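Bear in mind the structure is a predicted one, so any value in this text is a computation, not a measurement.
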Amino acid sequence: MPGLRNKLKAASLKSISEPGKHADGGGLYLQVTKHPVAGHVRKSWIVRYRAANGKMREMGIGSFEDVSLANAREKAERIRYEVREGNDAVEVRAEAKQEAIRSRAAAMTFAQCAEAYLNAHQSSWKNEKHRAQWSSSLQAYAYPVFGDVAIQDINIGMVMKVLDPIWETKTETASRVRGRIENIIDWATVREYRTGENPARWRGYLEKALPARNKTKKVKHFAALPIDEFPKFMKHLRAQTGVGPLAFQFAILTATRTGEAIEARWDEIDLEDQSWTIPAARMKAGRIHRVPLSAAALLVLKKVRGLDPVVVFPGQRYGKSISNMAFLMTLRRMGRTDVTPHGFRSTFRDWAAERTDFQNEVAEAALAHVISNQAEAAYRRGDLFEKRRALMEAWAKFGG
């Protein structure tokens, strides 16, 4: 194939569109490729040379649009000089890139990378509380060990120093901290603040050094109220005064989680349809959940209707909901430290299974549980809303 110098006598470089490598001499080529579908042509400069080990190498030195023929020839000459000096140009470039990464890494600590990671993922947090949980757990466990250490220097020994003290006693917390460290180190690797394997990765790394979560202490489930005690408990709860007890009633009657209930807003409530639509951002599963409201739940809403135009269960500050500790404080005033707010979801589930004829999937849908069986989930497209309405009305009547 004729060299570029010969082609330049007949046409400009821009006119060359034949796919292939067009030689200029001295190992410099103009590489032309054509997209098989769109048909557009791309051109770039490459240099071919034989390394000291006898292997042929190809090295890109820029696109045709960015590098002129004169500049390409200069770069090719510098590469030929490196080869004559016994250096492999590809390896020289790779080492320069690694050195740049090492320089950046030396200036970035784990704590700085963690903060940058949190800022980069700001829009993905369900709420500010979620971000705060990330930050507080890292400050409590990771920062004291390697918060000020360069991200490049963090190794498996440091990660183990964080996890060892809490893996057996606080397994869930330790697992979350490990995952958060892994995510931050992965982020730093992609941003080229570090190189190498991720020492916080479970598979192939920490699984060899730590027992699996299911081999540690059994998870202590939330204390639940026995089914037969439920009517008496609800009578006692209705006798309490204040917004907290009313919100607690509402959470129990709707079988929702504490955060979902206390952060309810009036624009989520449809009194005509007698339903409450919880946005995906506030749901654990990240999906919108529509809740049918029983007569008892509507009565609770009637009692708090004029307190605040925005939030359903307001705290002391205008437009702000009550504290997420309100339910626990209510239980303490009632002298019921033997149960937890979340445990009433278990009471509801036990009641539905043992005292009613409602189908299992209706109760699961009421609790907004994710269907683990993917085949079943694919076929069950509805939300069983009307069946759930009957279930929640029965639950409210059971409570007296």
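A side-chain donor-acceptor contact under 3.5 Å links Arg194 to the backbone of Glu197. Listed for the Arg388 side chain is a donor-acceptor partner under 3.5 Å among the backbone atoms of Arg290. Under the 3.5 Å distance criterion, the side-chain polar atoms of Lys75 are matched with a main-chain donor or acceptor of Ile61. Between the side chain of Gln274 and the backbone N or O of Pro292 there is no donor-acceptor pair closer than 3.5 Å. Under a 3.5 Å cut-off, the side chain of Arg345 and the backbone N or O of Ala255 do form a donor-acceptor pair.
Partners of Ala76 by side chain to side chain contact (heavy atoms under 4.5 Å, CB included), not counting sequence neighbours, listed by chain and number: Leu28, Val47, Arg80. With sequence neighbours excluded, the residues satisfying side chain to side chain donor-acceptor pair (under 3.5 Å) with Asp66 are Ser63. The ring-ring contact (aromatic ring centres under 6.0 Å, His included) check on Phe110 picks up Phe146, with sequence neighbours excluded.
No side-chain heavy atom of Glu263 sits under 4.5 Å from any side-chain heavy atom of Asn324. When side chains are defined from C-beta on, Leu391 counts as touching Phe348, because their heavy atoms get closer than 4.5 Å. The side-chain heavy atoms of Thr256 and Trp276, taken from C-beta on, include a pair separated by under 4.5 Å. Side-chain contact between Arg257 and Met283 is present, with heavy atoms from C-beta onward closer than 4.5 Å. Gln249 places none of its side-chain heavy atoms less than 4.5 Å from the side chain of Leu299. Ile154 places none of its side-chain heavy atoms less than 4.5 Å from the side chain of Ile181. Taking 4.5 Å as the limit, some side-chain heavy atom of Arg178 sits within range of a side-chain heavy atom of Glu182. Side-chain atoms of Leu253 and Met234, non-hydrogen and from C-beta on, do get closer than 4.5 Å to each other.
For the atom pair NZ (Lys21) and CD (Gln31), the distance works out to 5.5 Å, reported to the nearest 0.5 Å. Here Thr254 contributes atom OG1 and Leu367 contributes atom CG; the two are 10.5 Å apart, rounded to the nearest 0.5 Å. Separating the CG atom in Leu118 from the CD1 atom in Ile184 is a distance of 6.0 Å, to the nearest 0.5 Å. Here the CD1-CZ distance, from Ile288 to Arg282, works out to 11.5 Å after rounding to the nearest 0.5 Å. Atom CE in Met158 sits 4.5 Å away from atom CG in Asn155 (nearest 0.5 Å).
A single hydrophobic cluster is not seen to contain both Ile262 and Met329; linkage of ILVMFWY side chains at heavy-atom distances under 4.5 Å, directly or through other members, places them apart. Hydrophobic clustering (ILVMFWY, side-chain heavy atoms < 4.5 Å, transitive): Leu328 and Val243 are in distinct clusters. Grouping the Ile, Leu, Val, Met, Phe, Trp and Tyr side chains by contacts below 4.5 angstrom, directly or via other members, places Leu237 with Leu298. Put simply, Ile227 and Phe358 are part of the same group of oily side chains (I, L, V, M, F, W, Y) that touch within less than 4.5 Å, one to the next. When the side chains of ILVMFWY residues are joined at heavy-atom separations under 4.5 Å, either directly or via intervening members, Met325 and Leu331 end up in two distinct hydrophobic clusters.
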Under 3.5 Å donor-acceptor pairs involving side-chain atoms of residues 301-310, not counting sequence neighbours:
{"residue": "Asp308", "atom": "OD1", "partner": "Val310", "partner atom": "N", "Å": "2.7"}
{"residue": "Asp308", "atom": "OD1", "partner": "Val311", "partner atom": "N", "Å": "3.1"}
{"residue": "Asp308", "atom": "OD2", "partner": "Gly319", "partner atom": "N", "Å": "3.0"}

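Between Ser137 and Arg176, the side chains place no donor N or O within less than 3.5 Å of an acceptor N or O (distance only, hydrogens not considered).
When all heavy atoms of Ala365 and Leu384 are compared, the closest pair comes out as CB-CD1, 4.3 Å.
The number of heavy atoms from other shown groups lying within 6.0 Å of CG (Asp148) does not exceed 12. Dense packing is recorded around CZ of Arg333, with more than 12 heavy atoms of other residues, nucleotides or ligands lying under 6.0 Å away.
Applying the ring-ring contact (aromatic ring centres under 6.0 Å, His included) definition to pairs two or more places apart or across chains, those involving residues 291-317 are Phe250-Phe313. Pairs passing the ring-ring contact (aromatic ring centres under 6.0 Å, His included) check and including a residue from residues 320-339, sequence neighbours excluded, read Phe248-Phe327.
Taking the six-membered ring where tryptophan is involved, the planes of Trp395 and Trp351 are tilted, since the angle between them lies from 30° to 60°.
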Problem set entry | Evaluation steps, side chain to side chain contact (heavy atoms under 4.5 Å, CB included), between Trp45 and Phe64 | CA-CA 6 Å; Trp45 298 105; Phe64 171 72; 4.0 Å; yes
Exercise. Given the rule in the side chain to side chain contact (heavy atoms under 4.5 Å, CB included) test, do Val159 and Arg201 qualify, once you have shown the distances and angles that lead to the verdict?
Worked result: CA-CA 10 Å; Val159 176; Arg201 184 163 290 122; over 6 Å; no
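For Arg336 and Phe233, the positive end is not near the middle of the six-membered ring at less than 6.0 Å and at most 45° from its axis.
The pair Arg389-Glu393 does not count as a salt bridge, with every side-chain nitrogen at least 4.0 angstrom from each carboxylate oxygen. Looking at Lys43 and Glu65, no side-chain N of the basic residue comes within less than 4.0 Å of a carboxylate O on the acidic one, giving no salt bridge.
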